[in-house]
Amino acid sequence: MTHTLIYPVHANHTADGHLEVDGCDVVELAHTYGTPLFIYEEKTIRDQCRRFKDAFAACANDYEIIYASKALPIIAVFQLVEEEGLSLDVASGGEYHTALVAGFPTERIFYHGNNKTRWELEYALDNGVGTIVVDSMDEMDLLETLLAAAGRRQRVLLRVTPGIEAHTHDFIQTGQIDSKFGFGLAGGLARDAIERAMASPWLDLWGLHAHIGSQIFELGAFRSEISVLADLLKETREAFGFECRWLNAGGGLGIKYTADDTPATIQAYAEVKCRGLREEMARVDLPVPRILVEPGRSIVAKAGITAYTVGTVKKLPGIRTYVSVDGGMSDNIRPMLYEAEYEVMIANKVDHEPDTVVRVVGKHCESSDVLVKEARLVSPEPGDILVTPVTGAYCFAMASNYNGSCRPAVVMVNNGKARVVVERESLDDLVARQRPLRSES
Ligand code: LLP
């Protein structure tokens with residue numbers, strides 16, 4: 001391939017100049033299953049799981065890797081990560097339900113969220129959730145009420161907001177003091193929550209959780225997070241004899257979307273977290289707890305690409321050329337929401353050098369529906385199959401029906417074989433739950 005693009009991981013090109021992912025011709029997949037289409041490499045998801053496990057095995061005695069399911073909460077992926085020995089983080093009753101349908105062992109599920117509703121907690125408790133990550137005093141009250149009624153105890157972690165500002169987009173920072181998530185350190189909220197949970201007859205407090213944000217490149221922020229948590233552990237050990245068995249340090253490892261991105265490796269990330277934990281625990285003179293991490297994006301992002309069909313190529317003389325595809329903000333809201341950048345290529349012309357700079361836009365009724373502002377493409381024409389790599393995380397997960405769009409199908413490829421793991425929504429699906437005011441028959 002003449003492109004300098006790095007993704008997809010198992011990319012190749014066919015004799016007739018088509019992009020191939022793990023032995024499957026992307027143009028054929030697009031024609032067979034329709035577009036927009038999410039295509040995932042099974043191998044890459046498995047490889048990422050193994051990289052995390054290997055990296056932590058190399059630097060921690062006791063660790064647990066938890067897939068943050070929000071990045072791609074689908075049954076097939078839950079089954080893959082389960083086979084790879086990962087645990088699962090869910091953030092809603094819906095994700096919990098998907099995990100149950102996937103047959104995920106509930107003991108290995110961590111349930112997060114800053115406003116878990118009563119039914120969601122009941123649903124998780126009734127279905128054997130392993131660990132609940134408690135986010136507020138109100139939640140603690142509700143959980144205790146439910147547990148008292150059921151007459152049983154539940155393992156919990158408490159989510160702490162460590163006051164660390166990670167360098168990432170504001171919308172995906174979560175660890176800063178002014179945050180809706182968790183118990184802050186200011187005013188002793190986290191300390192009070194620990195005291196309260198320890199005193200509860202219904203809660204088994206196994207440790208703490210913190211997550212400072214997502215798409216983080218600077219590993220120093222993770223080290224600071226652990227340092228702050230270590231101080232809290234010291235304080236609460238001295239004050240109430242709190243013993244932390246599990247320290248869940250969240251997700252957040254950044255990934256490479258474009259050639260300009262320079263994320264850390266999984267090994268470096270593991271090293272910073274594990275060495276940080278050992279050193280910080282030595283500093284405060286406490287035993288090293290199990291370290292838990294919750295990668296989402298870094299498990300699935302580079303495994304996935306999106307294929308679109310080009311519909312129109314509009315040249316505005318002296319201004320620019322707009323290339324419109326048959327999807328857009330309904331299957332990838334990230335450019336509009338976080339100014340996320342993507343690379344792009346034409347799957348049926350991968351053995352030619354790009355010769356045109358264009359703007360790739362979606363088909364939605366909004367000027368903000370821009371997928372790639374400045375794309376270098378090979379003479380784009382209607383009918384071309386255009387591909388944005390690295391769309392595996394938070395694209396399908398955040399897809400919508402805007403403008404009556406049917407959410408795309410998801411296909412998983414492996415050694416030249418493709419399987420549909422999510423069917424494309426149909427026009428009937430779009431109206432299936434709507435109830436007319438009057439019958440037209
Ligand atoms: N754990 C918790 C508690 C989280 O809230 C998240 C992400 C993760 C783990 C996984 O973080 P990751 O490894 O994926 O960075 N929609 C945004 C990302 C929002 C992330 C929300 N929480 C995006 O498209 O960039």
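Please read these numbers as outputs of a predicted model, since none were measured by experiment. Start at 1 and go down the list; that is how both ligands and their atoms are numbered. Along the sequence shown, residues carry numbers from 1.
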| said: Under the criterion side chain to side chain contact (heavy atoms under 4.5 Å, CB included), I'd like the reasoning laid out for V410 against I74: C-alpha separation, chi angles, the key distance, then a yes or no. | reply: CA-CA 10 Å; V410 179; I74 66 173; 4.2 Å; yes
| said: Only heavy atoms of P295, strictly under 4.0 Å: list the atoms of ligand 1 that pass. | reply: 13 (O)
| field | Separation between CZ of F217 and CG of L219, rounded to the nearest 0.5 Å | value | 10.5 Å
| task | Answer yes or no: does an N/O atom from A68 fall short of 3.5 Å to an N/O atom of ligand 1? | result | no
| said: As a quick check of understanding, evaluate salt bridge (charged side-chain N to carboxylate O under 4.0 Å, His left out) for D62 and R290, giving each step before the final call. | reply: CA-CA 5 Å; D62 193 11; R290 168 182 293 187; 2.9 Å; yes
| request: Check ligand 1 against Y338 and write out every atom of the ligand that is under 4.0 Å from a heavy-atom position of the residue. | output: 16 (N), 17 (C), 23 (C), 24 (O), 25 (O)
| message | Using a plain distance cutoff, I'd like to know if A71 has any nitrogen or oxygen under 3.5 Å from a nitrogen or oxygen of ligand 1. | response | no
| Heavy-atom contacts under 4.0 Å between L337 and ligand 1: side chain, backbone, both, or neither? | neither
| request: Show which atoms of ligand 1 fall inside a sub-4.0 Å distance from at least one heavy-atom site of H209. | output: 3 (C)
| said: Show me which atoms of ligand 1 lie under 4.0 Å from any heavy atom of G251. | reply: 9 (C), 13 (O)
| task | Quick one: pull up NE2 in H112 and NZ in K70 and give me the separation to the nearest 0.5 Å. | result | 6.0 Å
| field | The one among M398, R334, R297, E294 that brings a heavy atom closest to atom 24 (O) of ligand 1 | value | R334
| request: Could you check whether the rings of Y96 and Y111 sit parallel, tilted or perpendicular, using 30° and 60° as the cut-offs? | output: parallel
| task | List for me each residue that meets ring-ring contact (aromatic ring centres under 6.0 Å, His included) alongside W206, sequence neighbours excluded, and say none if there are none. | result | W246
| said: Assess the residue pair Y308 and L37 against the criterion (side chain to side chain contact (heavy atoms under 4.5 Å, CB included)); give the C-alpha distance rounded to whole Å, side-chain angles, the decisive distance to 0.1 Å, and a yes or no. | reply: CA-CA 7 Å; Y308 302 97; L37 182 67; over 6 Å; no
| query | Is S298 in contact with ligand 1, taking contact as a heavy-atom separation below 4.0 Å? | reply | no
| said: Only heavy atoms of G296, strictly under 4.0 Å: list the atoms of ligand 1 that pass. | reply: 12 (P), 13 (O), 14 (O)
| said: Checking E139 against S136: is there a side-chain donor and acceptor pair closer than 3.5 Å? | reply: no
| said: When you compare ligand 1 with R159, is there at least one nitrogen or oxygen pair between them that comes in under 3.5 angstrom? | reply: no
